[in-house]
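Letters go in sequence order (proteins before strands), and every chain restarts at 1.
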2 protein chains.
Amino acid sequence: MNETYQQESLFSAIADIQRRKILHLLQAGEMSVSEINQHFDFSGATLSHHLSILKKADLVRVRRQGQHRIYTLNMSAVEQLMLFMNKLFGAKEDEKQ
Amino acid sequence: MNETYQQESLFSAIADIQRRKILHLLQAGEMSVSEINQHFDFSGATLSHHLSILKKADLVRVRRQGQHRIYTLNMSAVEQLMLFMNKLFGAKEDEKQ
DNA sequence: TAGATATTTAGATGGTAATCTAATTATATG
DNA sequence: CATATAATTAGATTACCATCTAAATATCTA
C-alpha cells in the first residue's frame, strides 16, 4: 500500500476542520468565495489559502463568473478518497470489490 | 454538522502517513510494538508517540503480554469514521441511511 | 537480585501550517 | 476612465507537530 502524492494531499486537505466545514458547505451546492466566507470568522486571505489546498487535492473545482469564483465539490475525488480509506482499513466497502 | 472532539481526533490521527501505515499494518492482525517497529525507520520513542495519538483517537487498543504491548485495530472507531465521512460529503453510504 | 529487553515519558529542535495585514490582480460599472 | 468589489498573493508571525536522544518504568530471566 504505497500512497500516491494525490492521496497524501487528500488526507492533508481533510485534516483541517475549517476545510472540512468548507467541503460540507459545498455539499449543499456550489458557492462563491464571498458566500462561503459568510460562514467563517477568519480573513478572506485565509479562506483563499484553504481553498487553494482543497483545489490542489482536487476536492473542489472552480469556475469564473464575472468578479466571482464559483467553487463546487468534486465528488469523484471524494469517492477516490473513500475507496482508499476502505483499502487502508480493509473494510468491506459493500462488496463492490 | 458540529464535530465532536472525538471526530477531530480521528481526523488528526489519520492525517499522518506513518500513522496510516501503522493502521494498515494492524489491519492484517495484532502486533507488538517491536514488531510494528520493524516496518519503520524512526526511533521507538517516535513510534510510541504515534501509537499514543492513535490510542487517544481510540483507533487502536492495547493489552499487555509480559514485556510486550499488543496493539489491535479498533474497527468500531474505523466504522464511526467512515460514517462521519459519509455525512460530511453527503455520500450515499450504500443506502443504509 | 542484577542485568537484559520492551516500551513510554521528558525535554529539545527543526519544520510546517494556519492565520493576519497589506499589496496586487482582475472584473464590473457609473 | 476611475472607482468599487472580488479574490488571490506576499510576507510575517505564531503555534503546533514529527522526530530525536536520554532517562524512566516495567517485566523477564539467569
Side-chain angles (χ1 to χ4, degrees), chain A residues 2-3 5-26 29-74 88, chain B residues 3 5-26 29-74:
Chain A
N2 286 329
E3 287 192 22
Y5 170 76
Q6 173 63 13
Q7 282 153 351
E8 173 66 39
S9 74
L10 280 170
F11 281 104
S12 321
I14 64 166
D16 183 87
I17 190 165
Q18 312 294 359
R19 289 194 289 270
R20 289 196 298 276
K21 281 182 194 161
I22 294 171
L23 292 169
H24 188 61
L25 275 176
L26 292 178
E30 59 180 31
M31 273 181 149
S32 71
V33 175
S34 31
E35 282 172 330
I36 297 172
N37 212 3
Q38 288 169 2
H39 296 80
F40 294 96
D41 290 332
F42 47 61
S43 72
T46 295
L47 176 54
S48 207
H49 170 249
H50 285 310
L51 289 172
S52 87
I53 289 171
L54 292 172
K55 257 186 292 182
K56 269 176 203 145
D58 200 30
L59 276 164
V60 300
R61 297 273 168 85
V62 212
R63 70 169 198 279
R64 204 171 211 138
Q65 197 172 79
Q67 303 155 281
H68 300 264
R69 307 225 178 154
I70 312 292
Y71 280 80
T72 54
L73 189 56
N74 176 20
L88 185 62
Chain B
E3 287 192 22
Y5 170 76
Q6 173 63 12
Q7 283 154 351
E8 173 66 40
S9 74
L10 280 170
F11 281 103
S12 319
I14 64 167
D16 183 86
I17 190 165
Q18 311 294 1
R19 289 193 289 269
R20 290 196 298 276
K21 281 183 194 161
I22 294 171
L23 292 169
H24 188 62
L25 275 176
L26 292 178
E30 60 180 32
M31 273 182 147
S32 72
V33 174
S34 32
E35 282 172 331
I36 297 172
N37 212 2
Q38 288 169 1
H39 296 80
F40 294 95
D41 290 331
F42 46 62
S43 72
T46 296
L47 176 54
S48 205
H49 169 249
H50 284 309
L51 289 172
S52 86
I53 289 171
L54 292 172
K55 257 185 292 181
K56 270 176 202 144
D58 200 30
L59 276 165
V60 300
R61 297 273 169 85
V62 212
R63 69 168 199 279
R64 204 172 210 136
Q65 196 172 79
Q67 304 154 281
H68 300 264
R69 307 225 178 156
I70 311 291
Y71 280 80
T72 54
L73 188 56
N74 176 19

If you compare every side-chain N and O of [X] against the phosphate oxygens of [N] (OP1, OP2), does one of them come in below 4.0 Å?
X	N	answer
A/Y71	D/dT8	yes
B/R64	D/dT27	yes
A/S32	D/dA6	no
B/S48	C/dT8	yes
B/H50	D/dT19	yes
B/R19	D/dA18	yes
A/S43	C/dT19	no

Atom-to-atom span, [atom1] of [X] to [atom2] of [N] - whole angstrom:
X	N	atom1	atom2	result
B/Q67	C/dA6	CD	P	6 Å
A/Q18	D/dA15	CD	P	17 Å
A/F40	C/dT19	CZ	C1'	14 Å
A/H49	D/dG11	NE2	P	15 Å
A/Q38	D/dT5	CD	C1'	14 Å
A/Q65	C/dT27	CD	C1'	13 Å
B/N37	C/dA6	CG	C1'	11 Å
B/L47	C/dT7	CG	P	9 Å

TODO: Go through C/dT7, D/dC20, C/dT19 for me and flag the one nearest to the B/T46 side chain.
DONE: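 Of C/dT7, D/dC20, C/dT19, D/dC20 is nearest to the side chain of B/T46.
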- [ ] Tell me which nucleotide among D/dA6, D/dA22, D/dT8 gets nearest to the side chain of A/K55.
- [x]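 Selected nucleotide (nearest to the side chain): D/dT8.
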Open item on the list: Could you check, using the six-membered ring where one of them is a Trp, whether A/F42 and A/H50 have ring centers closer than 6.0 angstrom?
Closed with: yes
Open item on the list: Does A/G44 reach a base, just sugar-phosphate, or nothing at all? Heavy atoms under 4.0 Å.
Closed with: base
TODO: Indicate yes or no for a side-chain donor-acceptor contact from B/R20 to the backbone of B/A15 under 3.5 Å, with no hydrogens or angles considered.
DONE: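 Checked: pair present.
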Task: NZ (A/K56) with more than 12 external heavy atoms under 6.0 Å - done: no
Open item on the list: Can you confirm whether B/I22 sits close enough to B/F40 that some side-chain heavy atom of one is under 4.5 Å from a side-chain heavy atom of the other?
Closed with: yes
Task: side chain to side chain contact (heavy atoms under 4.5 Å, CB included) partner of B/I70, the single match among B/R64, B/E30, B/R61, B/M31 - done: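 Of B/R64, B/E30, B/R61, B/M31, side chain to side chain contact (heavy atoms under 4.5 Å, CB included) with B/I70 is met by B/E30 alone.
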Open item on the list: Need to verify one output field. Residue with the more 5' nearest nucleotide on DNA chain C, A/G66 or A/D16?
Closed with: A/D16
